[in-house]
Amino acid sequence: MKHLLKLMDLSLEEITDILNLADQLKYEKKNGIEHQLLKNKTLGMIFQKSSTRTRVSFEAGMYELGGNALFLSSNDLQIGRGEPVEDTARVLSRYIDGIMIRTFAQEEVETLAKYASIPVINGLTDYTHPCQVLADLMTIREYKGTLAGLKLTYIGDGNNMANALIVGGIKTGMKVAVATPAKYKPDAAVMEWASANGDFTWTEDVLEAAKDADAVYTDVWASMGMEKEAQQRKIDFKGYQINDSVMAVTKSDAMVMHCLPAHREEEITAKVFEEHANEIFDEAENRKHVQKAILVKCFD
Ligand code: CP
Ligand code: NVA
């Protein structure tokens, strides 16, 4: 695997290989078995948006595999002053071994990968969040033992998380049900692809989507970069919440998932969040394990 730009680019076999390696690395780490698989490798991490999990899990993951990570805020890089991404890609390729980038436009990540001679990993764009969804798939598999045939429900904004979950869910044989307001549907091409390639449904009705779900997932109503819309979105998304009424129609052992950060009493109630905190923080932990697997596969 050269790059990780979006899940649409990965085959089921590549996804499964990443999840299997992540499981192995997690097990070994917990049993004191250390690896130097990325000895002397350096990852540059470009951030044009805030991050807790992505930054810390990539950085810690690189160190745990014997490598180094550089935190490159766009406020400090020349990219923030208008240096073209094409030039940034070619310069960084002369210094380091891989780039992780969190930014706004998916095209910027694709351009970076086109001009870089080193692997590029998407650490979130407005369009998708592949590293998060690989950690989510790992977590569901950990709890349920399988992915194919399970029902994954997403409730909330049709944003980067929705797009990535639809693709990841369908590719691994899950039934994917999405409930968003009509004005905030996921990407049209993603929905069309999902309908043609698996069991995908979209509805405005939260309870219909949640019925018999094995896992219910939500995310913030206003993503990074949408701060100005936050007040309007609080009105538009009312009811698009994981709460006791939603949990009453899912399977009784349904998991609750959230990529975090969470806004309690908006997309999820504090009660449901705390009742499912183990799953949600296992999911956060798995970011590190799955990203170590992604790094090994990309740097191979
Ligand atoms: N879920 C996630 O990507 O979190 P951060 O924004 O903290 O990186
Ligand atoms: N949809 C959120 C995800 C954060 C991990 C955002 O883009 O801000």
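Read the numbers this way: they start at 1 and go in the same order the structure lists the ligands and their atoms. All figures in this text were calculated on a predicted structure; none of them were measured in a lab.
Note: Phe71 and Phe47 have tilted aromatic rings, judged against thresholds of 30 and 60 degrees for the angle between ring planes.
Minimum heavy-atom separation, Ser245 to Leu207: O-CD2, 3.7 Å. The two residues Val133 and Ala164 make their nearest non-hydrogen contact at CG2-CB, 3.4 Å.
In this structure, a donor-acceptor pair under 3.5 Å is absent between the side chains of Asn122 and Tyr127. For the residue pair Asn160 and Gln132, no side-chain donor N or O sits within less than 3.5 Å of a side-chain acceptor on the partner.
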Ligand 2: protein N/O within less than 3.5 Å of ligand N/O:
unit_1, atom_1, unit_2, atom_2, d
ligand 2, 1 (N), Asn159, ND2, 3.4
ligand 2, 1 (N), Asn160, OD1, 2.8
ligand 2, 1 (N), Asp219, OD2, 2.6
ligand 2, 1 (N), Ser223, OG, 2.7
ligand 2, 7 (O), Asn160, ND2, 2.8
ligand 2, 7 (O), Ser223, OG, 3.4
ligand 2, 8 (O), Met224, N, 2.8

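Two rings, from Phe237 and Tyr184, have their centers less than 6.0 Å apart.
The 4.0 Å heavy-atom shell around ligand 1 contains residues Ser51, Thr52, Arg53, Thr54, Arg102, His129, Gln132, Cys259, Leu260, Arg287, ordered by chain and number.
A salt bridge is absent between Asp214 and Lys144: the closest approach of a Lys/Arg side-chain nitrogen to an acidic carboxylate oxygen does not fall below 4.0 angstrom.
No side-chain heavy atom of Thr201 sits less than 4.5 Å from a side-chain heavy atom of Glu208.
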task: Decide yes or no on side-chain contact (heavy atoms from CB on, under 4.5 Å) for Thr128 and Asp187, but give the supporting numbers first.
output: CA-CA 10 Å; Thr128 194; Asp187 181 80; over 6 Å; no
